[in-house]
Amino acid sequence: MKKFITIKDAMKKGTGDVHIRGWVYRQRASNKFVFIVVRDESDIIQCVIKKEKSPEIYEEAVKLTIESSIELSGVIKEDERAPTGYEIQVKELNIFQIAEPFPITQDQSTEFLLDNRHLWLRSRRMTAILKIRHTVVGAIHDFFRKRGFYEFDAPVFQPSMSEGGATLFEVKYFKDKVYLSQSWQLYAEAGIFALGKIYNVGPTFRAEKSKTSRHLTEFWMCEMEAAWMKLDGAVQLAKDEIRFILKRVLRDNKQDLEILERDIKLLEKYAKVKYPTIKYADALKLLNEEYVMDVPWGKDLRTLEEAKIAEHFQCPVVVTHYPTDIMGFYKPPSPENPKEALCFDMLAPEGYCEIVGGSERSLLVDNMMERLKAEGEDPQNYDWYFDLRKYGSVPHSGYGVGLERVVSWICGIDSIKDAIPFPRTMLRKTP
RNA sequence: GGGUCGGUAGCUUAGUUGGUAGAGUGCUCGGCUGUUAACCGGGUGGUCGCACGUUCGAGUCGUGCCCGGCCCGCCA
């Protein structure tokens, strides 16, 4: 019985007989040789067949097309002429299927690759990104579990909004209607009274009409909520989490970062340095004085301004105390200055901007009701939420990390669409 | 929602003042080679996004629509 191993393991072995299987990545044939570069989930390797030595295998191998599925046995050895430094002299070849001509060739447009995402997933680029995404999610689970957080799930069908009514996806629910989750948060605020410190990695749906390289309508948000935690505690936790994620990726995905041609030195710096925290008001001062911009107090920071701030510090930056008026109803006014809210965003450098958003949670029921009304919401829909403020209310905080934004930044990729296997945006819902 | 750029062969694209659509790549056939996104030669391949209009004549000009990329707003 043959024992098949991954290409990576075969190269680790380095000598002797190996059995591998995978898909044809490249094939070059002449009338003396066939070179097959085989791909599996771990790496690629060049395999060579000499007509003189094994004419039967040669005849079979000549017919191979890109993405044909095969298994083969042979002798592996180091060879500096091979693309990944090792080569297999093929002794046995078993073809499962000769693939039809693969539609993705050397000429590719973004649109075509998105239309063929089900096939483009196999590219070295997508594979590398997906592996990094895997590491990031795993790191998040480890980070929170090590710190005593419980995993807690919220419903995806929700009766009301948490982040603004205009961006809800409506779903028919028998004879009624509900909305897809915009956030885990309101339910998490119920969960902390049972479990204290909780977290979650889950899908989030926002019908924002944003057609940018930083927006998806369906994305994965990694959120946390903790009883007794104040703003500074949440900020510190978010910084620790991001550094923890970076360290994990640097430990586990060097090869993938290289495939993506990411500046590893830069990521190492992000994993090490302390991230500054500045207040919104100081951010404005910085923008207006050092960069001769003209941002009035009370306006949310725009992408351009966020990018400037992160560029100034050359690492992720936390901005706190945004104007209360432009923030969600659950973000509390600061006791020292009610015009400022006890909230924060973390801005990633290199133009990736907002990757984390969070806050202390308001305990002021009257104030929240006012603000909901001002947004055109019926506070009655939030009865259960306000109940939480009646039965042993405690200070608490939470934040959400945009998974695809973090993955995009770490991978250094141009579009957030590549940070998820099958992206959903305002203009793309297939395949 | 606003702005902007684009849609020509399976894919990537060129196309001048409006005058019978051209290349690369793929596929295919042949040649050659320890090949490296191999190379050389032959062949194959088009309802120029859709509709209407202007014109003797529209890929090219006009109007409307459809589809997509990016930027802004909004957000993670």
Using the side-chain heavy atoms of [X], tell me which of these nucleotides is nearest: [options].
X	options	value
P101(A)	C11(B), U35(B), C27(B)	C27(B)
E208(A)	G34(B), U25(B), C75(B)	C75(B)
T105(A)	C72(B), G10(B), A76(B)	G10(B)
F35(A)	C74(B), G2(B), U35(B)	U35(B)
E111(A)	G68(B), C72(B), A76(B)	G68(B)
E306(A)	G1(B), G34(B), C75(B)	C75(B)
L427(A)	G69(B), G34(B), A76(B)	G69(B)

Pair [X] + [Y]: ring centers closer than 6.0 Å:
X	Y	answer
F344(A)	H321(A)	no
W120(A)	F112(A)	no
Y199(A)	F149(A)	no
F205(A)	F219(A)	no

| message | Using heavy-atom distances to pick each residue's nearest nucleotide on RNA chain B, tell me which of T425(A) and I326(A) is more 5'. | response | T425(A)
| note | Residue pair M221(A)/R428(A) against RNA chain B: nearer the 5' end by closest nucleotide is R428(A)
| Near-parallel close stack of F219(A) and A76(B) base (under 5.5 Å, under 30°) | yes
Can you see whether [X] engages [Y] through a side-chain donor-acceptor pair at a distance of less than 3.5 angstrom?
X	Y	answer
Y25(A)	E67(A)	no
S68(A)	K63(A)	no
D232(A)	Q236(A)	no
E189(A)	H396(A)	yes
R361(A)	S359(A)	yes

Take the protein atom [atom1] of [X] and the nucleotide atom [atom2] of [N], then report the distance between them rounded to whole Å.
X	N	atom1	atom2	value
Y322(A)	C75(B)	OH	C1'	11 Å
L113(A)	G69(B)	CG	C1'	13 Å
I98(A)	U28(B)	CD1	P	11 Å
I66(A)	U35(B)	CD1	C1'	14 Å
D115(A)	G49(B)	CG	C1'	14 Å
I410(A)	A76(B)	CD1	C1'	14 Å
E354(A)	C75(B)	CD	P	8 Å
K211(A)	G1(B)	NZ	P	8 Å

Could you tell me whether [X] contacts a base, only the sugar-phosphate backbone, or nothing, with contacts defined as non-hydrogen atoms closer than 4.0 Å?
X	value
P103(A)	nothing
Q89(A)	base
L216(A)	base
F112(A)	sugar-phosphate
S213(A)	sugar-phosphate
Q46(A)	base
V34(A)	nothing

| Between the side-chain atoms of S210(A) and the base atoms of C74(B), is any donor-acceptor pair under 3.5 Å? | yes
| query | Taking N and O atoms by type only, does the side chain of R302(A) place a donor or acceptor under 3.5 Å from a partner on the base of C75(B)? | reply | no
| remark: A correct dot-bracket answer for RNA chain B, with pairs being Watson-Crick or G-U at under 3.5 Å, [ ] for crossing pairs and | for inter-strand pairs, is (((((((..((((.....[..))))((((((.......))))))....(((((..]....))))))))))))....
How far, in whole Å, is [M] from [N] if one measures between their [atom1] atoms?
N	M	atom1	value
A51(B)	G26(B)	P	33 Å
U47(B)	G22(B)	P	15 Å
C50(B)	C67(B)	C1'	10 Å
C11(B)	U17(B)	C1'	32 Å
A38(B)	U25(B)	C1'	14 Å
G6(B)	G49(B)	C1'	11 Å
G18(B)	U60(B)	P	11 Å
A14(B)	A9(B)	P	12 Å

| request: Answer yes or no: is there an ion pair linking R145(A) with E151(A), defined by an N-O contact shorter than 4.0 Å? | output: yes
Between [X] and [N], does any side-chain N or O lie under 4.0 Å from OP1 or OP2?
X	N	answer
T303(A)	C71(B)	no
N31(A)	G31(B)	no
K417(A)	C70(B)	yes
R28(A)	A38(B)	yes

| With a cut-off of under 6.0 Å to the ring centre and 45° to the axis, is R243(A) in cation-pi contact with Y275(A)? | yes
